[in-house]
Engineer: 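Submitted below is the structure of interest, expressed as structure tokens.
Counting convention: from 1, in listed order, for ligands and their atoms alike.
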Amino acid sequence: MGKKKQRIETTCVQGGYHPGNGEPRQIPIIQSTTFKYNTGADMGKLFDLEASGYFYTRLQNPTNDAVAAKICELEGGTAAMLTSSGQAANFYAVFNIANCGDHVVSLSAIYGGTFNLFSVTMKKMGIDFTFLSPDCTDEELESAFRPNTKAVFGETIANPALRVLDIERFAKAAHKHGVPLIVDNTFATPVNCRPIEWGADIVTHSTTKYMDGHGAGVGGCIVDSGKFDWTKYPDRFPGLCTPDESYHGVTYTERFGLGGAFITKATAQLMRDFGSIQSPQNAFLLNLGLESLHVRMARHCENGQAVAEYLSSDDRISFVTYCGLPTDRDHALAQKYLPNGSCGVVSFGVKGGRAAAEKFMSNLKLAAIETHVADARTCCLHPASTTHRQMSDAELIAAGVSPDLIRLSCGLENKEDLIDDIKQALDAL
Ligand SMILES: *Cc1c(COP(=O)(O)O)cnc(C)c1O
């Protein structure tokens with residue numbers, strides 16, 4: 001194809017791994033903890049980060065690297081790494097630049113697990129978070145920043161609130177204050193949105209969701225855009241701009257440049273010390289998912305749109321949240337950032353409150369009740385009776401989860417069958 005930019009569908013299928021003459025067509029699973037060298041000096045160069053190569057799978061593995069390289073290409077980044085889960089990806093992405101005594105600005109409409117990670121566990125580590133509503137005013141946004149703020153964090157499409165992030169707005173605010181914007185792009189996937197093109201600096205993923213797409217393996221990924229200039233703020237980001245005494249005095253920005261510093265530091269320090277690696281076997285499964293990501297996302301979106309449209313036409317439904325609906329409060333943002341579709345997750349309420357929602361869910365035949373989203377099989381969850389069951393109705397409403405809210409993740413089945421299933425579940429109420 002010469003110099004012409006390759007389209008994303010082709011990268012989904014062929015990116016990351018380019019076998020040579022007579023090599024395996026499919027990415028080999030390098031199921032080996034370690035790698036053999038002829039001399040101690042050969043291996044010493046790797047430890048000093050003077051030569052690139054493999055020595056221990058906790059730090060790097062060829063299967064994982066090939067899959068990370070594909071995701072890096074899909075997002076338009078300069079470097080990427082796989083992690084054992086989305087939780088590990090978000091933890092590493094933030095902890096790589098924010099330490100004890102630091103502060104981070106985060107959107108409040110984020111995944112519950114990430115909210116806990118930030119507000120409980122990382123708080124115990126001495127990192128303070130300010131949570132902002134997606135509807136915050138410019139004044140509120142401006143006053144959230146402190147001298148010790150190190151990053152801004154948000155999700156392209158928030159799980160489960162389904163709010164769409166105004167990436168340009170939050171990127172501008174972050175950059176004005178000399179900090180990067182980290183975007184969790186799990187629900188949109190790079191097929192539907194590439195946050196780096198809108199100003200995001202670091203992109204994270206729970207690959208457990210659409211990227212894997214089959215509910216087969218838990219995993220995560222971090223991608224660096226290479227665009228944030230840490231060296232402009234050496235006092236704010238000493239971990240990237242001054243020698244790392246725990247790694248032979250290497251200064252990451254000097255040795256690896258803006259394109260490689262963030263991911264090399266996260267690998268050499270955080271993966272070395274915390275060890276949340278993705279197994280090569282899971283990376284192989286993840287790559288099988290990536291090969292059809294573009295085909296699957298289109299169907300997830302088609303089904304999500306059809307189900308959302310049906311639900312909004314049925315007067316037994318109290319509300320529908322789906323940014324593909326013209327009536328949705330984030331529809332304009334979706335048209336800008338997600339012109340080809342958002343995702344297959346729709347949330348809605350059944351008239352009759354908590355009891356009706358529970359009954360409706362148990363009436364469903366195709367949609368299975370699961371604590372999961374974003375795979376090939378349609379599944380649903382009633383937070384008020386499961387993940388949020390300890391909360392009173394008043395507390396649920398304060399958390400943005402109404403007692404009758406159902407989160408439905410539309411899979412890859414026939415959309416008419418999904419709608420028929422919903423209809424029969426409503427009829428049987
Ligand atoms: C599921 C999810 C996570 C956590 O990922 P795991 O792979 O379950 O650790 C993080 N962010 C978002 C948006 C998610 O949906």
Engineer: Go through ligand 1 atom by atom and flag the ones less than 4.0 Å from a non-hydrogen atom of Gly219.
Structural biologist: 7 (O)

Engineer: Charged N to carboxylate O below 4.0 Å: is that the case for Asp102 and Lys150?
Structural biologist: yes

Engineer: Identify the closest protein heavy atom to atom 15 (O) of ligand 1: which residue and atom is it, and at what distance?
Structural biologist: Lys209 NZ, 2.6 Å

Engineer: Using a 4.0 Å cutoff against the non-hydrogen atoms of Glu155, which atoms of ligand 1 qualify?
Structural biologist: 13 (C)

Engineer: A quick test of your reading: do over 12 heavy atoms of other residues, nucleotides or ligands sit less than 6.0 Å from CZ of Arg329?
Structural biologist: no

Engineer: Out of Arg299, His294, His300, which residue meets the side-chain contact (heavy atoms from CB on, under 4.5 Å) rule with Arg296?
Structural biologist: His300

Engineer: Output the list of atoms in ligand 1 that are nearer than 4.0 Å to some heavy atom of Gln87, sorted by atom number.
Structural biologist: 4 (C), 5 (O), 6 (P), 9 (O)

Engineer: May I have the step-by-step check of salt bridge (Lys or Arg N to Asp or Glu O under 4.0 Å) for Arg377 and Glu413, ending in yes or no?
Structural biologist: CA-CA 7 Å; Arg377 295 158 294 263; Glu413 302 92 341; over 6 Å; no

Engineer: When you compare ligand 1 with Asn159, is there at least one nitrogen or oxygen pair between them that comes in under 3.5 angstrom?
Structural biologist: yes

Engineer: Does the Lys NZ or Arg CZ of Lys176 fall within the cation-pi geometry relative to Phe170 - under 6.0 Å from the ring centre and within 45° of the axis?
Structural biologist: no

Engineer: Looking at Thr208, which atoms of ligand 1 are within less than 4.0 Å of one of its heavy atoms?
Structural biologist: 6 (P), 7 (O)

Engineer: Against heavy atoms of Phe187, which atoms of ligand 1 measure under 4.0 Å?
Structural biologist: 15 (O)

Engineer: Please evaluate residues Thr207 and Asp212 with respect to the criterion side-chain hydrogen bond (donor to acceptor under 3.5 Å, both in side chains), reporting the C-alpha separation (whole Å), side-chain torsions for both, the decisive distance (0.1 Å), and the verdict.
Structural biologist: CA-CA 6 Å; Thr207 61; Asp212 171 303; over 6 Å; no

